[in-house]
Every structure is written in C-alpha cells, then in structure tokens.
There are 2 protein chains.
Amino acid sequence: MKDINTETKILEAARTVFISKGMDGARMQEIADEAGINKALLHYYYRSKDQLFRAVFQSVFAGFFQAIKGELDKETPIEQKAETIVMQYTNMLDANPFVPQFLINEINRNPQTLRDVMDSQQFNPSVFLEIFGNNNKSGIDPRQFIVSIIGMMVFPYAARNLVQLIYFNDNIEAYTQFLQERKEFLKQTILKMIQ
Amino acid sequence: MKDINTETKILEAARTVFISKGMDGARMQEIADEAGINKALLHYYYRSKDQLFRAVFQSVFAGFFQAIKGELDKETPIEQKAETIVMQYTNMLDANPFVPQFLINEINRNPQTLRDVMDSQQFNPSVFLEIFGNNNKSGIDPRQFIVSIIGMMVFPYAARNLVQLIYFNDNIEAYTQFLQERKEFLKQTILKMIQ
DNA sequence: GTCTATATGGCGATAGAC
DNA sequence: GTCTATCGCCATATAGAC
C-alpha cells in the first residue's frame with residue numbers, strides 16, 4: 001500500500017470500506033483514512049461517492065464471477081466438477097467472506113446497477129447453466145441445482161455471526177473447523193443430489 | 001392502519017421501512033410518512049432512531065424464530081419433518097421475503113444487538129439442533145444439515161434480483177414458478193441428504 | 001398527543017493555496 | 001497532485017404552541 005499510485009490505493013480502500021459497510025453505511029472520511037490520504041483527493045479522482053461506488057461494484061462483480069467460473073467449462077466427469085466447484089468457491093469465500101452479501105445487498109438497493117454492469121462487461125450468464133446442464137443423467141433442473149449449491153456455500157459466510165453465536169457459542173475456532181469440515185460435507189451432498 | 005393506536009402504527013411503519021432499507025438507509029421522515037404521522041411523534045414514542053430500530057429488530061427476530069419453530073418439536077418421522085420444515089419456512093419467506101436478509105445484515109453491522117435480544121428473550125437455540133439430532137440414522141452432522149437447508153431456502157429470496165436477472169431474464173412470472181417448483185425440489189433434496 | 005418550527009451535527013462536495 | 005478550510009444540505013433531534 002505504499003508505492004502504488006493513488007488511484008489504485010483509493011480503489012482498494014473504497015473496496016474494503018464499501019464491502020464492510022455498504023453504500024449507505026460507508027463514509028468518505030473512512031475511505032480516505034483507510035487509503036492514508038485526504039478526503040478531497042477522493043473527489044479529485046472520482047467525482048462523487050456514487051461514482052467511486054460504481055467503480056468498486058464493477059470491480060468486485062467482475063472478480064467474483066471470474067473466480068467461480070474458473071475451470072468449469074472443461075470436459076470433466078460430474079464428480080470431478082463437484083469437487084472443483086466446492087473448492088474454488090470456498091477458497092474464494094475464505095478470501096472474501098463478505099463479497100456475496102455485499103453484491104446481494106447492493107443489487108437489492110439498486111437493481112439497475114447490475115444491469116449496467118452486465119451490459120458494459122458483456123457478461124453472459126448462460127455459462128453457469130451449461131455447467132451441469134450437459135452431462136446430467138438425473139433429470140435434475142440445473143437452475144434449482146445451482147441455486148441450491150450457491151445457497152449452501154454462501155449462507156454460513158453471510159450469516160456467520162448469527163450461526164456462530166447460535167450454534168457455537170461464539171467459539172471462533174469451532175466455527176472455523178465447521179467451515180473446514182463443510183467442504184467434504186458439501187461434496188458428498190452434491191453427489192447425493194445428482195444420484 | 002386506521003383505528004389502531006399510534007405506537008403500533010409507528011412500529012409497523014418502521015418495520016416496513018427498516019426491513020426494506022436497513023438501519024443506515026432508512027429515514028425517519030419516510031417512517032413518519034408510512035405511518036401517516038409527523039416526524040416529531042416518532043421521537044415522542046421512541047426517543048431515538050436507534051431505540052426505534054431496536055424495537056423493530058427485537059420484534060422481527062422473535063417473529064422469525066416463532067415461525068420456523070412451529071410444530072417441529074412434535075414426534076413425527078423425519079420424512080414428515082422434511083415436508084413440514086420446507087412448507088413452514090417457505091410460507092414465511094413468501095410472506096416476508098426480506099426478513100432473513102435484514103436480520104443477517106443488521107447482525108453483521110452490530111453483532112451485540114443479537115446478544116442483547118437473545119438475553120432479554122431468553123431464547124434457547126438448542127431447539128433447532130434437536131430437530132434432526134434425534135431420529136437421525138445417517139450419522140449426518142445436524143448443524144451441517146440445518147445450515148444447508150436454511151441456505152438453500154433463503155438464498156433464492158435474498159438474492160432474488162440477482163438470480164432472476166441472470167437466469168430468468170427478469171421474468172417475474174417465470175421466477176415465481178421457479179420458487180413454487182422449488183418446494184417439491186427441496187423436499188426431495190432433503191430426503192436424499194439423509195439417505 | 002400531535003403539530004410546526006428550529007436547533008445541532010455530520011457528511012458530501014468544492015474553493016483555493018501550495 | 002495534494003492539502004486545509006469551508007460551504008451547503010440533509011437527517012436526527014428538540015422546543016414549544018395548541
């Protein structure tokens with residue numbers, strides 16, 4: 001965070017604060033502090049809080065789908081894909097536990113943002129349907145399947161504080177172990193689902 | 001919303017606005033408008049925005065767990081319980097689609113709030129572990145199981161705008177049907193999981 | 001209890017020196 | 001490009017009439 005240029009430094013600081021607090025909860029002053037610069041500089045590089053937010057959202061959204069796309073378009077048996085999708089997605093969640101929650105919140109706050117980003121990035125969602133759409137002997141609806149998998153993976157991160165308190169008496173180590181064991185649990189569950 | 005007393009009217013309006021916008025995004029003016037009264041009255045009944053929010057959070061949290069507890073403590077076979085839990089939870093979600101998202105967000109924003117509410121309500125979370133903890137021949141970890149079920153149920157509501165746009169081209173009717181079909185899908189999935 | 005009017009503080013944004 | 005100082009608005013909260 002020292003010898004990179006100011007614009008990048010601002011974007012990274014804004015990413016941290018916006019993901020943690022959301023658009024409404026974030027303060028330009030806090031972003032400036034996080035970047036180690038003055039508040040006025042934020043407006044020099046990004047004219048308004050809204051434009052800064054859009055830059056962050058765009059970057060987070062792109063990185064998110066990049067991370068979960070990964071190697072999934074390769075021709076591998078479905079058992080292998082269950083392994084791959086769980087590992088890639090959970091690795092991403094371990095590194096960015098609040099990203100899905102951030103995306104969901106901000107899309108609900110302003111659904112138009114997502115459409116703008118998808119248009120400007122020419123993002124094609126059909127990729128995710130084809131992952132399990134082919135090579136699927138069970139007759140299972142791929143959309144029901146994918147929504148289930150993502151829900152199972154995201155929830156223990158999004159609702160971490162809730163689940164950790166209710167089921168683990170706020171024991172952080174126990175919850176970390178729970179998340180670790182969950183990887184194997186999810187692989188098994190996915191295999192059971194497509195049987 | 002006419003012949004009920006003002007305090008209740010305020011609480012219901014606050015509930016609507018807070019669930020939709022969150023603590024940071026909500027405005028006292030909007031709550032007053034929703035309740036059809038003046039802004040100053042909010043402070044007359046609840047001294048501050050923070051206290052009004054706490055009253056709403058407490059009420060929403062209590063109602064949420066009341067709704068999903070329901071009949072689950074009865075002695076019924078596990079197949080019956082799969083049916084019951086899916087129907088009760090999805091009915092609650094259809095009526096209150098943004099409640100889980102609201103609870104998760106506000107607990108993340110201020111984890112202490114949850115502890116305060118649980119203490120004051122003497123809420124006992126072990127009920128939810130025993131639901132599938134007994135009568136469980138598969139050796140499955142009940143916590144992994146419950147977290148999975150709730151994740152699968154909540155996600156398509158919390159991330160509705162995202163999923164609806166990506167997978168259904170923003171077709172509301174198609175998404176409603178998806179949610180309808182999902183009830184049967186989830187029952188089947190739960191049964192597969194405990195096999 | 002309910003209202004209008006106003007105080008108080010905080011935040012996004014800008015002006016202007018260097 | 002980067003800073004200090006400040007403007008102007010908006011949101012919470014209060015004062016005080018009725």
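Quick note: numbers below take in every heavy atom, side chains included, and nothing from hydrogens, waters or symmetry partners. In this text the structure is predicted, and so the values were computed from the model without any measurement. Throughout, a chain's letter reflects where its sequence line sits, starting with A, and its residues are numbered from 1.
A 6.0 Å sphere centred on CG of D119(B) holds more than 12 heavy atoms belonging to other residues, nucleotides or ligands. For K21(A), the NZ atom is loosely surrounded, since the number of other residues' heavy atoms within 6.0 Å does not exceed 12. Environment of CZ in R115(A): crowded, with over 12 heavy atoms of neighbouring residues, nucleotides or ligands closer than 6.0 Å.
To the nearest 0.5 Å, the span separating CE on M193(A) from OG1 on T189(A) amounts to 8.5 Å. Between the CZ atom in F185(B) and the CD atom in Q180(B) there is a gap of 15.0 Å [rounded to 0.5 Å].
For DNA chain D, none of the residues of residues 105-113 of chain B falls under the heavy-atom distance limit of 4.0 Å.
Over its length, the helix from dG1(C)-dC18(D) to dC18(C)-dG1(D) turns its helix axis by 10°, as judged from the five terminal pairs at each end, rounded to 10°.
Using cut-offs of 30° and 60° on the angle between ring planes, the pair F61(B) and F65(B) is tilted.
Atom CG of D24(A) and atom C1' of dG10(C) are 15 Å apart (whole Å). Summarising the geometry, the separation between OH on Y46(A) and P on dA13(C) is reported as 15 Å, rounded to the nearest angstrom. With rounding to whole Å, D33(A) atom CG is found 15 Å from dG12(C) atom C1'.
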ask   = How would nucleotides 2-18 of chain D be written as a contact map, 5' to 3', with B for base contact, S for sugar-phosphate-only contact and - for no contact, using protein heavy atoms under 4.0 Å?
value = BBB------SBBB----
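Take F18(A) and apply the ring pair (Phe, Tyr, Trp, His ring centres under 6.0 Å) test, not counting sequence neighbours, and it matches F53(A). In this structure F64(A) satisfies the side-chain contact (heavy atoms from CB on, under 4.5 Å) test together with I68(A), Y89(A), M92(A), V99(A), P100(A), L103(A), sequence neighbours excluded.
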List the atom pairs, with distances to 0.1 Å, where a side-chain N or O of residues 146-156 of chain A and a protein N or O form a donor-acceptor pair under 3.5 Å, not counting sequence neighbours.
unit_1  : atom_1 : unit_2  : atom_2 : d
S148(A) : OG     : Q144(A) : O      : 2.6
S148(A) : OG     : R182(B) : NH1    : 3.3
S148(A) : OG     : R182(B) : NH2    : 3.1

request  = Under the side chain to side chain contact (heavy atoms under 4.5 Å, CB included) rule, what do R143(B) and F168(A) come out as? Steps first, then yes or no, please.
outcome  = CA-CA 10 Å; R143(B) 285 173 298 201; F168(A) 295 88; 3.6 Å; yes
